[in-house]
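Numbers for residues simply follow the sequence, beginning at 1.
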Amino acid sequence: MASMSAILSKSPFLSQPLSKTPPSDLPFSASVSVSFPSKSHRRGGVIRAGLIAPDGGKLVELVVAEPRRREKKHEAAELPRVELTPIDLQWMHVLSEGWASPLGGFMRESEFLQTLHFNSLRLDDGSVVNMSVPIVLAIDDEQKAGIGESRRVALVDSDGNPVAILSDIEIYKHPKEERIARTWGTTAPGLPYVEEAITNAGNWLIGGDLEVLEPVKYNDGLDRFRLSPAELRKELEKRGADAVFAFQLRNPVHNGHALLMTDTRRRLLEMGYKNPILLLHPLGGYTKADDVPLSWRMKQHEKVLEDGVLDPETTVVSIFPSPMHYAGPTEVQWHAKARINAGANFYIVGRDPAGMGHPVEKRDLYDADHGKKVLSMAPGLERLNILPFRVAAYDKTQGKMAFFDPSRPQDFLFISGTKMRTLAKNKENPPDGFMCPGGWQVLVDYYDSLTPAGKLPEVVSA
């Protein structure tokens with residue numbers, strides 16, 4: 001088998017391409033029916049080529065230009081300070097690169113309320129763009145008092161280093177209960193993001209225009225995979241993409257995902273596109289404790305690519321810097337909207353996207369089909385073609401992942417995310433053909449690495 005370095009040297013991918021296998025927030029046996037738009041992307045019977053325009057018509061990039069960085073750092077040193085949490089820094093990264101275009105900074109109250117109540121923002125020209133998840137910055141009473149009458153603040157990291165300036169600020173109340181209820185549809189205890197980022201956050205929100213002093217880097221060995229929307233657009237144009245189909249994932253990938261992605265590309269070719277490109281886009285921000293960490297997922301994706309499960313020539317793999325809310329149909333709109341800004345005109349959605357088990361009751365928090373239904377109706381996403389999954393499962397008669405045939409259900413095995421994790425924890429192998437051996441070994445190694453600490457993450461539903 002070709003080495004990873006050999007594969008990368010042959011691929012035009014900017015950083016190092018990765019696993020081309022298509023996952024999402026699905027359990028590991030993909031589900032849902034597929035429907036490809038036969039006319040929505042045709043005008044006068046001709047397929048429209050080229051990348052979709054960003055929301056608002058222009059990609060908003062908020063990183064200060066190199067010649068002005070020293071000047072801005074001096075300015076920041078004289079301003080009142082607001083320290084950012086790790087999740088705040090991830091949202092700053094999201095904003096700085098334009099994933100939330102046309103948003104120009106942490107939300108002021110009018111933007112916050114539109115997001116909570118309408119899942120959209122109305123622009124000055126009257127047009128509407130989707131925005132379903134609040135991107136806000138919380139401060140406490142002491143920080144608010146320290147800001148006083150200043151119209152600008154410096155945002156600093158945990159070491160006190162200025163990383164951004166927030167200007168023309170607005171401070172307003174942080175209605176935590178309303179925010180939680182409208183974002184998650186419940187205020188039940190145990191919501192991971194709520195406990196991590198909202199419950200103990202300050203009682204005020206501060207919004208304003210954001211200037212980020214330098215490009216965000218994590219120095220974790222994965223920065224080469226963190227392509228901004230502008231960098232992704234450049235790479236997609238370099239490859240001559242006339243259609244881009246994006247796949248959101250936060251899980252390791254298996255051969256069923258590869259089957260779904262390969263079939264998606266085949267169908268787009270049949271529609272008349274000449275060079276559809278897959279944007280395989282693992283989520284790189286905050287995830288809950290029992291999810292496989294990003295570094296291990298990326299190792300697994302690399303092995304999948306090395307084993308030739310997916311073609312690096314027709315796949316771009318990049319890390320999406322957003323934190324994960326697990327807010328189901330509300331959050332999946334954010335996942336789709338952000339990919340528009342990266343140039344995607346097709347978005348693949350699976351069963352229960354961005355969902356999780358109910359934190360108190362023994363059931364899923366969201367209806368498994370509501371995510372794809374909401375995406376098809378969501379305000380501001382009319383330009384995006386939504387592609388639901390077909391059902392893929394392990395075909396025992398063929399010894400591989402295949403599309404489910406309802407005429408012979410006894411021949412198919414559905415391997416859930418919980419089952420997959422349990423097998424990996426116990427160092428047991430899945431059926432041959434479920435996942436490439438190299439990718440599976442990475443999962444086994446990950447769970448094995450947790451053993452010395454004497455504690456494994458609790459296995460819960462995906």
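When all heavy atoms of G202 and K176 are compared, the pair lying nearest together is O-CE, 3.5 Å. Nearest heavy-atom pair across L232 and V316 is CD2-CG1, 3.7 Å. Looking at every heavy atom in both residues, S449 comes nearest to W296 through OG-CZ2, 3.8 Å. Nearest approach of D263 to R390, heavy atoms of both residues: OD2-NH1, 3.7 Å. What you find for F106 and I206 is that their closest heavy atoms are CB-O, 3.8 Å. Heavy-atom minimum distance, P282 versus M298: CG-SD, 3.9 Å.
Side-chain contact between L381 and I340 is present, with at least one heavy-atom pair separated by less than 4.5 Å. Considering only heavy atoms from C-beta on, L205 stays 4.5 Å or farther from I139 through its side chain. Side-chain atoms of I348 and F245, non-hydrogen and from C-beta on, do get closer than 4.5 Å to each other. Using a 4.5 Å cut-off on side-chain heavy atoms (C-beta onward), T115 and S132 make no contact. Annotation: side chain of V332 is in contact with side chain of Y347 (closest heavy-atom distance under 4.5 Å). Counting only heavy atoms from C-beta outward, the side chains of N429 and L423 never approach each other to under 4.5 Å. With a 4.5 Å cut-off on side-chain heavy atoms, S322 and H93 do not count as touching. No side-chain heavy atom of I180 sits less than 4.5 Å from a side-chain heavy atom of T186.
Remark: D352 does not engage K372 in a salt bridge, criterion side-chain N to carboxylate O under 4.0 Å. Using a 4.0 Å cut-off between a side-chain N of Lys or Arg and a carboxylate O of Asp or Glu, K337 and D55 qualify as a salt bridge. Remark: R239 engages E235 in a salt bridge, criterion side-chain N to carboxylate O under 4.0 Å. The pair D395-R408 meets the salt-bridge criterion, since a charged nitrogen lies less than 4.0 angstrom from a carboxylate oxygen.
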Q: Apply the test side chain to side chain contact (heavy atoms under 4.5 Å, CB included) to residues V292 and N251: give CA-CA distance (whole Å), side-chain angles for both, the deciding distance (0.1 Å), then the verdict.
A: CA-CA 7 Å; V292 177; N251 289 316; over 6 Å; no
Q.
With salt bridge (charged side-chain N to carboxylate O under 4.0 Å, His left out) as the criterion, how do E61 and R233 come out once you've worked through the C-alpha distance, each side chain's angles and the decisive distance to 0.1 Å?
A. CA-CA 13 Å; E61 297 177 274; R233 285 174 171 272; over 6 Å; no
Q | Steps toward side chain to side chain contact (heavy atoms under 4.5 Å, CB included) verdict (R339, H281) | A | CA-CA 9 Å; R339 277 39 181 245; H281 220 190; 2.7 Å; yes
(Q) Between V163 and V156, does the side chain to side chain contact (heavy atoms under 4.5 Å, CB included) criterion hold? Intermediate values first, please. (A) CA-CA 5 Å; V163 293; V156 303; 5.7 Å; no
Q) Should N255 and F434 be marked as a side chain to side chain contact (heavy atoms under 4.5 Å, CB included) after you check the CA-CA gap, both sets of side-chain angles, and the distance that decides it? A) CA-CA 6 Å; N255 293 346; F434 172 74; 5.9 Å; no
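Within 6.0 Å of atom CG in D432, 12 or fewer heavy atoms from other residues, nucleotides or ligands are found, so the atom counts as exposed in its surroundings. Crowding of K400 atom NZ: a count of heavy atoms from other residues, nucleotides or ligands under 6.0 Å not exceeding 12. For E177, the CD atom counts as loosely surrounded, since its 6.0 Å shell holds 12 or fewer non-hydrogen atoms of other residues, nucleotides or ligands.
Between the side chain of Q333 and the backbone N or O of P329, at least one donor-acceptor pair lies under 3.5 Å. Side-chain atoms of D307 never come within 3.5 Å of backbone atoms of V309 as a donor-acceptor pair (strictly under, hydrogens ignored). Of the possible donor and acceptor atoms, one in the side chain of N341 sits under 3.5 Å from a partner among the backbone N and O of W99. A donor-acceptor pair under 3.5 Å is formed between the side chain of D223 and the backbone N or O of N219. With D88 contributing its side chain and T85 its backbone, the two residues share a donor-acceptor pair below 3.5 Å. Distance alone, capped at 3.5 Å, is enough to place a donor-acceptor pair between the N426 side chain and the T422 backbone. Without hydrogens or angle criteria, Q143 side chain to D140 main chain gives a donor-acceptor distance under 3.5 Å. The main-chain N or O of L283 is never found under 3.5 Å from a side-chain atom of R250 such that the two would form a donor-acceptor pair. A donor-acceptor pair is defined here as one N or O able to donate and one able to accept, closer than 3.5 Å; such a pair exists between the side chain of E231 and the backbone of S228. A donor-acceptor pair under 3.5 Å is absent between the side-chain atoms of R265 and the main chain of I277, judged by distance alone.
Note that CZ of F404 and CG of D411 are 9.5 Å apart. Values are rounded to the nearest 0.5 Å. Here OG1 of T187 is found 13.0 Å from CZ of R182. Values are rounded to the nearest 0.5 Å. Once rounded to the nearest 0.5 Å, the distance linking CD of E306 with NE2 of H301 reads 13.5 Å. Annotation: the span from I135 atom CD1 to M131 atom CE amounts to 4.5 Å, rounded to 0.5 Å. If you take CH2 on W334 and CE on M324, they are separated by 12.5 Å, rounding to the nearest 0.5 Å. With values rounded to the nearest 0.5 angstrom, N275 atom CG is found 8.0 Å from T314 atom OG1.
When only modelled atom types and interatomic distance are considered, H117 and E178 share a side-chain donor-acceptor pair under 3.5 Å. A donor and an acceptor atom, one from each side chain of Y326 and D291, are located under 3.5 Å apart.
For F414 and Y394, the gap between ring centers reaches or exceeds 6.0 Å. Taking the centre of each ring, H358 and Y366 stay at or above the 6.0 Å mark.
By the 30° and 60° cut-offs, the orientation of the rings of Y193 relative to H325 is parallel. Ring geometry for F346 against Y273 counts as perpendicular: the plane angle is over 60°, on a 0 to 90° scale with 30° as the lower cut.
Just one residue in the list D369, D364, D367 forms a salt bridge (charged side-chain N to carboxylate O under 4.0 Å, His left out) with R351, and that residue is D364.
Cation-pi geometry between R226 and F320 is not satisfied (NZ or CZ under 6.0 Å from the ring centre, within 45° of the ring normal).
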